Amino acid sequence: MSPQDYAHNLAQVNQRIQQACLAAGRPATSVSLLAVSKTQPESAVAAFLALGQTAFGENYLQDALPKITAHPDAQWHFIGPIQSNKTKPIAEHFDWVESVDRLKIAQRLSDQRPSDKPALNILLQINISEEASKSGFLPNELMAVAQEIAQLPGLVIRGLMAIPAATDDPVAQRQPFAHMRRLFEQLQQTLPNQPIDTLSMGMSGDLEAAILEGSTQVRIGTDLFGARRI
Ligand SMILES: *Cc1c(COP(=O)(O)O)cnc(C)c1O
C-alpha cells in the first residue's frame with residue numbers, strides 16, 4: 001500500500017463515519033476513529049500520522065512496542081487479549097486499554113501503572129454475544145465488577161468495548177450494539193464519579209450499524225491498512 005492508498009482509505013472511512021452519523025441524527029464529531037495498526041509496519045503508522053490520524057490500536061505487545069517507541073506522541077490503545085504476565089509493559093506503554101476482561105487484570109494494570117503517568121484509561125470488554133470463544137465480562141456480571149474496578153487508583157473507567165459475533169446482515173448487526181448501549185447507560189448511572197464517555201464498537205464490516213446504535217469509537221483495521229500481514 002502506498003501513502004496515496006492510505007489517504008484514499010482514510011477519506012473513505014471518514015466519509016462512511018460521517019454518513020452513518022447523518023443517518024443516525026448525530027454530530028459527525030461524536031464518533032472517533034481508532035486506526036487498528038496491528039501487524040502493520042511502523043511506516044504505515046507514520047503515513048497515517050502524516051494524514052492527521054492520531055489514535056492507533058494494537059493487539060500484540062511485541063509487535064506494538066517498536067511502533068510506540070518510534071511515535072510516542074500518538075495515542076496508543078491496547079485492544080487484544082491480555083496475559084497476566086504482560087500487564088506491566090502494557091501499563092507502562094499504552095494510554096488506553098480497551099480489553100480489560102478480568103478483575104485480576106485490572107488490579108495488575110492499576111498496580112503497575114507508573115506513578116509519573118496519568119491514570120490509565122480503560123474500557124471493560126463485554127462478551128456481548130456470550131460466545132465461549134470470546135473473552136469479556138458477561139452482561140450480568142458487569143455492574144458488580146465495575147464497582148470494584150472503579151476503586152483502583154491507577155485506572156479510570158472510560159466505558160465499554162465489544163466484538164459481537166460476526167454477521168453480514170445489517171439488521172442483525174444492530175441487536176448486540178443496542179444491548180451494549182443499554183449497558184453503557186446503566187454503567188454511567190452505576191458509576192456517576194467516573195468519566196464514562198466511550199462506547200467502542202464497530203469494525204470494518206459493521207461500523208454503520210454500530211454508529212446507529214450509539215458507538216462513540218469505531219476500530220478499523222482492514223479498510224484502512226488493507227489485509228493484515230500475519
Ligand atoms: C483487528 C481488530 C479490529 C479491526 O478489525 P477490522 O475488521 O480489520 O476492521 C477491531 N477491534 C479489535 C479488537 C481487533 O482485534
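Note that this is a predicted model, so its numbers are computed, not measured. Note that ligands are numbered from 1 as they come in the structure, with each ligand's atoms numbered from 1 the same way.
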#### Entry: Test of proximity, Gly221 against ligand 1: N or O pairs below 3.5 Å
yes

### Task
Mark up the atoms of ligand 1 that fall under 4.0 Å of a heavy atom belonging to Ile163, in ascending order.
13 (C)

### Query
Hey, which atoms in ligand 1 end up nearer than 4.0 Å to a heavy atom of Arg219?
4 (C), 9 (O), 10 (C), 11 (N), 12 (C), 13 (C)

### Closest protein heavy atom to atom 2 (C) of ligand 1, given as residue, atom name and distance to 0.1 Å
Lys38 NZ, 2.6 Å

### Task
Measure from the ring center of Phe94 to the ring center of Trp76 and say whether it is less than 6.0 Å.
no

### Task
Take every heavy atom of Ile220, measure it against each atom of ligand 1, and state whether any distance is under 4.0 Å.
yes

### Task
For ligand 1, indicate whether the residue Glu98 contacts it via side chain, backbone, both or neither (heavy-atom separation under 4.0 Å).
neither

### Message
Under a 3.5 Å threshold, yes or no: a donor from one side chain and an acceptor from the other, between Glu213 and His179?
### Response
no

### Query
Should Met180 and Phe184 be regarded as members of a common hydrophobic cluster, given that ILVMFWY residues are connected when their side-chain heavy atoms come within less than 4.5 Å of each other, either directly or indirectly?
yes

### Query
So which protein heavy atom does atom 9 (O) of ligand 1 come closest to, and at what separation?
Ser204 OG, 2.5 Å

### Query
What protein heavy atom is closest to atom 10 (C) of ligand 1, reported as residue, atom name and distance in Å?
Met203 SD, 3.2 Å

### Message
For a quick test of reading the model, state the closest non-hydrogen atom pair linking Ile157 to Ala146 and the distance between them.
### Response
CD1-O, 3.7 Å

### Query
Are Met203 and Ile211 grouped together when hydrophobic residues (ILVMFWY) are joined by side-chain heavy atoms under 4.5 angstrom apart?
no

### Task
Please lay out, stage by stage, how Arg219 and His77 fare under the test side-chain contact (heavy atoms from CB on, under 4.5 Å).
CA-CA 10 Å; Arg219 307 179 310 269; His77 294 226; over 6 Å; no

#### Entry: Flag for Ser2-Gln4: side-chain donor and acceptor within less than 3.5 Å
yes

### Task
Considering the heavy atoms of Ile79, write down every atom of ligand 1 situated less than 4.0 Å from one of them.
11 (N), 12 (C), 13 (C), 14 (C)

### Message
When you group the ILVMFWY residues by side-chain heavy-atom contacts below 4.5 Å and let the links chain together, are Val218 and Phe225 in the same group?
### Response
yes

### Task
Check each atom of ligand 1 against the heavy atoms of Thr222 and keep those under 4.0 Å away; list them by number with element.
6 (P), 7 (O), 8 (O), 9 (O)

### Task
Check each heavy atom of Asp223 against ligand 1 and say whether those closer than 4.0 Å belong to the side chain, the backbone, both or neither.
neither

